[in-house]
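These numbers come from a predicted model, not from an experiment. The analysis underlying the following values was restricted to heavy atoms, covering all of them including side chains, and did not include hydrogens, waters or symmetry mates. To find a chain, count down the sequence lines: A is the first, B the second, and so on, and within it residues start at 1.
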Amino acid sequence: MSESERKDTPEQAEFRAHCRDWLRDNHPGEPPVRLPQSAIEIMTEPQLHWLQAWQKAAYDAGLVGCDYPEAVGGGGRTDCQRVANEEMLAARTPFLPNVIGLGMAAPTIFYHAQEPLKERLLPRLLSGEDIWCQGFSEPGAGSDLASVQTFAERRGDRWVINGHKVWTSLAHFAEWMILLLRTDKSHKYDGLSYFVVPIRSALGKGVTVRPLIKITGETGFNEVIFEDLEVDDSYRLDELGKGWQVAMTTLLHERGGGELVTPRSGGLTSKTSFSPTARNLRTLAQETPRGGGTAADDPLLRDRIVRQFIREEALQQNQRRSRVPALQDHPMRLQLQYKLLISELAQDTARLGLEVAGPASTLYLADEHAPTGGQWPLAYMNSYGMTIAAGTSEIQRNILGERVLGLAKSK
Amino acid sequence: MTQPTNFGFGDECALLKDSARKFFAEHLPVDRLHALVAAHPDPEAPSGAPWRDDLWPAMVELGWTALAIPESAGGLGLPAVAVAGLMEEHGRAAFPGPLAATLATSYVLAAADSGTAALEEVAAGRSATLAFANAAGSWHAGDSPVSARGGRLSGTACFVQEPRKAERLLVAAQDEGGLGLYWIASDAAGVTVAPDTIVDLTRDQGRVSFEEAVAEPVGRNGLAAFHAAMPALWTLLAADMVGAGEWQLQTTVEYAQARKQFDRPLGFFQAVKHQLVDVMTRVDESKSLLYNAACALDHEPEKALQLAHMAKASASDMAAFASGRSVQCHGGIGFTWECYVHLYFKRQKHSEVLWGDGAWHRARLADILLGEVA
């Protein structure tokens, strides 16, 4: 029996048993399509539809959104999402496709929207029927998010939106977007407001979604252009000028620090999925001829490969320790490190993979001689998405220095 | 066997760690530590290895020497995670006594294949240390330069920790049966302690020479005992380093908050802020790996060797990094004798290489994880 299981309340224990029963009989099995590493890399309709069916089934069984009130489509339970997540991860389920919706839009809407809007949007968000995307970054507003220029001009009860959002994952599938924009050009922070806006139903009518091609040559995210998109004032979250505070709710939950636990499933690996892990690095080294033996015999490479094993173990143990209050000095200290550490670890491991592969690291996906099908250079290039998106590593270090160590804000 | 998700670190461990922190803070805060061990700067003169030996009876009374000793041998039989908690606080205080050496000795004794008399002595408060390294600094006990014939020891053990503070020596000696373990008073006839002049002001180290010194055999298979105990030794030393690393982090952060240049606290500048964050993440990785290794010693011994190598490798690199950054981020004052960071810098550099540095542990991990090179 796990530690968290021992601490279950009667409600959690009963719910855990329900999750187990349901998952035993309803695991969707091996996917019929190749799955990407994460939801934000979903590229095709068949991938999306299979994953949406999984989210809908898990939602209907009460495993997704269980801590939200019943009135907004939730399960009305207390601190049970954590339990469902543990059981879904243990059962090696597919990931949930509506990640932006569940992790960022749902808590933001829940804390800042009027009741009718919550009741309208949250049920289809939680079930995965409506995919959500996030309109924060702009060509001129990256790390300095508060400098967004997308503007909404008031016309009676309506707003007219013009602007340009970038790096918008899932926008090509999304029904809705959470949108940070400007309603007042004279104040940087207090001039920001926060809306939810329809995307799919407005395509060609004020909204254009264009795929951005990634450094790898793959599609993945998009740019979204607003040209005189008209929306009702009832789509505004919280008060006018409070957009920055609302955005903080979004970012807090994105970083795993919010009150509402984000529904999470995962663990199912399809046969062709690849990630730059120390184990894969070892396999590569053992299969790469070097001198009279293999790259795994080279003392310098051995030292560096072992370093990656150690860092991976450390990250896993950080997560384990983050649940032991007696072994922590600050409640957010380990949680806030996770994104920084896992993205830099993946990048360093992938880069080392290229060094291990040597000249063959020049070969890419379509080359029949490419080691591991050319996945190492792909993973290395993709790793920069992780160290840049959702707050660059530099921003992460600012957050850690300020929020955890209490150093003066750098601005 | 599976591991408890909380590392087995229960209320008893938390209580012990907390009381240790208070004990060190009350009896030897850093200003008094500095006054004690750094009173007379002179790089040419060997240190007198001062420490608060008047505190030892209280430490014994708290049961600290008996922690890792089985109840059957008069000890408390506490888990390795409890020892880790205590040693973390020991390192945070940069405590200069023979506690770490004594605990290390108790691990080797407990793994030995003979009676419990020596263990009972340690449990009752006798301080002790290990003598097994040769002049080249090999941490493989089988390379011990000491030999025994008919219970009499000869030869010179090097890199012996706290030789002037420990009352007993546990010696690995080549004898008729292979590598035997011998127990002898550090002031016995035929035993000479020649202190090294070392950089670390909070520790003592030396060469111990034996000339026909009569010692008591306490284990026939010393190689097996050392092999079994080394993961626990690396873990307890890693704990000391993690505690010291946290002190280096917090102290440097406080300085970066207080010290102003260009009308801003140092920590405002990202060149400083980001370095301190990197120190924090390294300390945390080492701390997580530390409790992981300690928990394996308690619950999954078949994985303890690998995880203890990871803990010490990580702690060694972290200690070097945190030490460098703590001096650099203190600027000019950090380069002086009067700023306390030098005490921890020196202690960490000593711990970094003691019982194997990062590269040494990674080379052994490589053999486990990647296979040995033919």
Side-chain angles (χ1 to χ4, degrees), chain A residues 2-6 278-279 282 285-286 292-299 301-307 309-311 313-330 333-334 336-337 340-341 344 393-394 396-402 404-411, chain B residues 3-7 9-11 13-14 17-18 81 85 246 249-250 253 256-257 264-270 272-278 280-282 284-292 295 306-307 309-311 313-314 317 358-359 361-371 373-374:
Chain A
S2 73
E3 183 74 13
S4 60
E5 213 176 319
R6 267 197 293 276
R279 279 169 187 275
R282 168 171 65 191
Q286 288 169 338
T294 72
D297 302 334
D298 179 314
L301 287 178
R302 286 166 75 80
D303 184 84
R304 293 171 66 198
I305 293 167
V306 167
R307 282 175 190 270
F309 272 100
I310 296 173
R311 285 172 66 183
E313 181 76 25
L315 196 54
Q316 275 179 29
Q317 298 306 322
N318 269 357
Q319 287 181 281
R320 181 179 175 195
R321 186 159 66 84
S322 73
R323 296 188 289 271
V324 186
L327 291 176
Q328 287 177 79
D329 305 274
H330 182 291
R333 182 162 153 172
L334 291 171
L336 288 176
Q337 289 176 34
L340 173 70
L341 296 183
E344 295 196 338
S393 295
E394 291 69 30
Q396 299 298 330
R397 285 186 169 85
N398 280 353
I399 292 169
L400 284 160
E402 290 156 20
V404 178
L405 295 178
L407 298 169
K409 269 183 88 68
S410 296
K411 267 267 163 57
Chain B
Q3 297 193 10
T5 52
N6 72 341
F7 302 93
F9 195 87
D11 294 343
C13 300
K17 188 171 188 292
D18 204 43
V81 289
E246 184 68 26
L249 171 66
Q250 295 304 338
V253 163
Q257 288 165 333
R264 306 271 197 183
L266 293 186
F268 165 86
F269 300 100
Q270 291 172 344
V272 175
K273 177 179 288 172
H274 290 189
Q275 289 189 46
L276 291 173
V277 168
D278 288 342
M280 171 172 70
T281 62
R282 303 274 197 106
D284 277 321
E285 287 184 338
S286 293
K287 183 166 173 169
S288 298
L289 289 168
L290 158 67
Y291 283 96
N292 188 36
C295 183
Q306 179 175 328
L307 299 182
H309 275 311
M310 286 191 175
S314 171
D317 287 8
H361 285 280
R362 284 194 298 277
R364 270 133 204 92
L365 275 171
D367 289 344
I368 297 170
L369 294 168
L370 303 171
V373 179

Under 4.5 Å heavy-atom distance to chain B, tell me which part of Ile310(A) shows up: side chain, backbone, both or neither. both
Quick check on Glu394(A) against chain B: is it the side chain, the backbone, both or neither that has a heavy atom closer than 4.5 Å? both
Can you name the closest pair of heavy atoms from Lys409(A) and Phe268(B) and give their distance? O-CD1, 3.0 Å
If you count heavy-atom pairs within less than 4.5 Å of chain A, which of Thr281(B), Asp367(B), Leu365(B) leads? Thr281(B)
Among Gln286(A), Arg333(A), Glu313(A), who wins on heavy-atom pairs under 4.5 Å with chain B? Arg333(A)
Out of Leu327(A), Asp329(A), Val404(A), Leu340(A), return the one with the most heavy atom pairs under 4.5 angstrom to chain B. Leu327(A)
Distance-minimising heavy-atom pair for Asn398(A) and Ser410(A): OD1-OG, 4.2 Å
From the list Leu315(A), Asp297(A), Leu334(A), the residue making the most non-hydrogen contacts under 4.5 Å with chain B is Asp297(A)
Considering only heavy atoms and a distance below 4.5 Å, find which of Leu369(B), Val272(B), Val253(B), Asp317(B) pairs most often with chain A. Leu369(B)
Tell me which of these, Leu400(A), Val324(A), Asp303(A), Thr294(A), has more heavy-atom pairs under 4.5 Å with chain B than the rest. Asp303(A)
When the 4.5 angstrom heavy-atom criterion is applied to Arg279(A) and chain B, the contacting part is neither
Minimum heavy-atom distance Arg323(A)-Gln328(A), with the two atoms named: N-NE2, 4.1 Å
If I take atom CE from residue Met310(B) and atom CD from residue Gln317(A), how far apart are they, to the nearest 0.5 angstrom? 9.5 Å
Restricting to non-hydrogen atoms, name the atom on Ala408(A) and the atom on Lys273(B) that form the minimum distance, rounded to 0.1 Å. O-NZ, 2.6 Å
Interface residue of largest heavy-atom contact number with chain A, from His309(B), Glu285(B), Gln257(B), Met280(B), under 4.5 Å: Met280(B)
Closest heavy-atom pair, Val81(B) versus Cys13(B), reported as atoms and distance to 0.1 Å, is CG2-SG, 3.9 Å
I'd like to know which of Leu307(B), Val277(B), Ile368(B) tops the heavy-atom pair count under 4.5 Å against chain A. Val277(B)
With chain A, which of Ser288(B), Ala363(B), Ala14(B), Ala313(B) has the greatest number of heavy-atom pairs at distances under 4.5 Å? Ser288(B)
Is it true that Asp278(B) and Arg282(B) have a side-chain N and a carboxylate O under 4.0 angstrom from each other? no
Does NZ or CZ of Arg321(A) fall inside the cone over Phe7(B)'s six-membered ring, less than 6.0 Å from its centre and within 45° of the axis? no
